[in-house]
Asks: 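Below: one structure in structure tokens.
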Amino acid sequence: MKSLGTIVGVGMRTGVSHDALSTSLLLRTGVPAITASPLAGPDDEPVSMAFDPTLDPYLVGEERAARLGAAAAFELASVLGSSARSFRARVALAFPEARPDQKRSEVGQALATSFRGVLGETFGSPPVDLATRGAAGLAWCLPDALMELAAGRVELVVAGGLHTDYDPEAIRVLAATGRLFSPENVDAVLPGEAAAFVLITRDDVARRLNLTPMARIHGIGTEMNEEEPGRAFESGAFAQAIRSATEELPDEIVVGWAVTHLGFEHAPVRELYSALTRTHKRFGPPLVVDSPAQRAGHLGAAALPLSIGFMALAHRHGFAPAPFGLAIAGSERGERAAVLVGSP
């Protein structure tokens, strides 16, 4: 079966742990990383969330996301050692989507400025395909980078995303819209923060660099959901993204694993399970559904790369429940995405 790219490295920094492997192993156990944060909610009580407690508690917003991203990027670059900056690379990067009071062009300006220096230190200032589309954003910019990889114009693709809710403005917006999680309000967003990256290459490059394949990407599907959030489950957008991602999968092979963006809000859960029902012929035993955000908080633009990296590490370390799985994510403004990941 044709592969779009081979995953050979993963880097993560989350509220669960400081590196990719320990984050993935802890996510596997199901242990939540939720605690009271230094941020105060509208009732002046501490906000419950998953966050990195080793960072400066006064570091917030885009500067904090950049710090998380730097840690994950340096972990990823360590796979290549001191030669990381010498390869022809391209970056596919997902940033947070605009808040209701923001224009898309205004999002991530400080984050981009901070992170440009990080990419220069780690991968030698490669060109960047950027999507400010939140949880599903990586699927919008990754295909072009993978086409460059397949054509031989680059040797490596660095794919990732950055997100943090550790920001008074983000908490204010969630509270104002009734979407801030609390013991009294569980149909809501549980704040979190994360940065996640995967290193993708071709098999010939992996052999030349003596890198062991962890997993392969076989398909990417995207679609837009134009329905209001409360009626999103009536749309076929997620189902179409799943069909597109799995269209090259032979009929005799089924998907037995899904890693999703789902938190505790009811509407996204209804929408995704409606899509799984519509595409049930593509799925089969053991049909395990993992939702890291329920243990690590809202992952935003890091959701898709974290899911892909989690799957790759599961294959590397022998705890993947099935040979093929889907990383699935949906953004606030309607973007829906699915990425088919298979064992190496």
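Both backbone and side-chain heavy atoms feed into the values below; hydrogens, waters and symmetry mates do not.
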Asks: Can a donor-acceptor pair be found, under 3.5 Å and without considering hydrogens, that links the side chain of Asp167 to the backbone of Val60?
Replies: no
Asks: Does the side chain of Asn185 pick up a donor-acceptor pair with the side chain of Ser182 at under 3.5 Å?
Replies: no
Asks: Under 4.5 Å between side-chain heavy atoms, counting indirect links through other Ile/Leu/Val/Met/Phe/Trp/Tyr residues: same cluster for Leu209 and Ile200 or not?
Replies: no
Asks: How far does CD of Glu184 sit from CG of Asp43, to the nearest 0.5 angstrom?
Replies: 8.5 Å
Asks: If you take all heavy atoms of Ala40 and Val47, which pair is closest and at what distance?
Replies: C-CG2, 3.7 Å
Asks: Going by salt bridge (Lys or Arg N to Asp or Glu O under 4.0 Å), name the residues that satisfy it together with Asp203, two or more places apart in sequence or in a different chain.
Replies: Arg216
Asks: How far does OG1 of Thr29 sit from CZ of Arg295, to the nearest 0.5 angstrom?
Replies: 7.5 Å
Asks: If every non-hydrogen atom of Ala293 is compared with every non-hydrogen atom of His261, which pair is closest and at what distance?
Replies: CB-O, 3.8 Å
Asks: Please enumerate all residues that pass side chain to side chain contact (heavy atoms under 4.5 Å, CB included) together with Arg28, with sequence neighbours excluded.
Replies: Phe319
Asks: Under 4.5 Å between any side-chain heavy atoms of Glu335 and Thr222, yes or no?
Replies: no
Asks: For the pair Arg336 and Glu223, find out whether any cationic side-chain nitrogen is under 4.0 Å from an anionic carboxylate oxygen.
Replies: no
Asks: I need the minimum non-hydrogen distance between Asp187 and His266, along with the two atoms involved.
Replies: OD1-N, 2.9 Å
Asks: Name every donor-acceptor pair, under 3.5 Å, that has one atom in a side chain of residues 134-147 and the other anywhere in the protein, sequence neighbours excluded.
Replies:
none

Asks: Establish whether Leu111 and Tyr166 are linked, either directly or via other cluster members, by ILVMFWY side-chain heavy-atom contacts under 4.5 Å.
Replies: no
Asks: Side chain to side chain contact (heavy atoms under 4.5 Å, CB included) with Ala327: which residues, sequence neighbours excluded?
Replies: Leu304, Ser307, Ile308, Met311, Val339
Asks: Taking side chain to side chain contact (heavy atoms under 4.5 Å, CB included) as the definition, give me every residue that meets it alongside Ser114, ordered by chain and number, with sequence neighbours left out.
Replies: Ala66
Asks: Is there a side-chain contact between Pro53 and Phe51 in this structure, where contact means two heavy atoms from C-beta onward sitting under 4.5 Å apart?
Replies: yes
Asks: Report yes if some heavy atom in the side chain of Thr23 is under 4.5 Å from a heavy atom in the side chain of Leu27; otherwise report no.
Replies: yes
Asks: Cluster partners of Leu55, using ILVMFWY side-chain heavy atoms under 4.5 angstrom, listed by chain and number?
Replies: Leu68
Asks: Less than 4.5 Å apart, any side-chain heavy atom of Leu306 and any of Pro292?
Replies: yes
Asks: Tell me, which pairs form a ring pair (Phe, Tyr, Trp, His ring centres under 6.0 Å) where one or both residues lie in residues 181-217, sequence neighbours left out?
Replies: Phe115-Phe197, Phe181-Phe264
Asks: Taking C-beta and beyond as the side chain, do Ser244 and Gln240 meet within less than 4.5 Å on heavy atoms?
Replies: yes
Asks: Heavy atoms only: give me the nearest Arg202-Leu149 pair and the separation to one decimal.
Replies: NH1-O, 2.8 Å
Asks: What is the distance from atom OG of Ser331 to atom CD of Glu97, rounded to the nearest 0.5 Å?
Replies: 4.5 Å
Asks: Main chain of Lys2, side chain of His218: is a donor-acceptor contact present, judged purely on distance under 3.5 Å?
Replies: yes
Asks: Which heavy atom of Met12 sits nearest a heavy atom of Ser24, and at what distance?
Replies: CE-OG, 4.0 Å
Asks: Which atom pair, heavy atoms only, marks the closest approach of Gly221 to Ala245?
Replies: N-CB, 3.7 Å
Asks: Going by side chain to side chain contact (heavy atoms under 4.5 Å, CB included), name the residues that satisfy it together with Asp251, two or more places apart in sequence or in a different chain.
Replies: Arg282
Asks: Less than 4.5 Å apart, side chain to side chain, heavy atoms only: is that true for Val205 and Leu211?
Replies: no
Asks: Listing request: all side chain to side chain donor-acceptor pair (under 3.5 Å) pairs with a residue in residues 81-96, at least two apart in sequence or in separate chains.
Replies: Arg90-Asp129
Asks: Should Asp204 and Arg208 count as side-chain neighbours, where that means a heavy-atom distance under 4.5 Å?
Replies: no
Asks: Can you list every pair that meets side chain to side chain donor-acceptor pair (under 3.5 Å) and has a residue in residues 59-78, with sequence neighbours left out?
Replies: Arg64-Glu193
Asks: What's in the same ILVMFWY side-chain cluster as Leu287, cut-off under 4.5 Å, chained through other members?
Replies: Met1, Phe238, Ile242, Leu249, Ile253, Val255, Leu262, Val269, Leu272, Tyr273, Leu276, Phe283, Val289, Phe324, Leu326, Ile328, Leu340
Asks: Indicate if Leu59 and Leu39 have the same hydrophobic cluster label, given that clusters are the connected sets of ILVMFWY residues with side-chain heavy-atom separations under 4.5 angstrom.
Replies: no
Asks: Is the shortest heavy-atom distance from the side chain of Ser274 to the side chain of Arg270 under 4.5 Å?
Replies: no
Asks: Name all pairs fulfilling the side chain to side chain donor-acceptor pair (under 3.5 Å) condition that reach into residues 310-325, sequence neighbours left out, sorted by first residue then second.
Replies: none
Asks: Taking atom CD as the centre, does Glu248 end up with more than 12 heavy-atom neighbours from other residues, nucleotides or ligands that are less than 6.0 angstrom away?
Replies: no
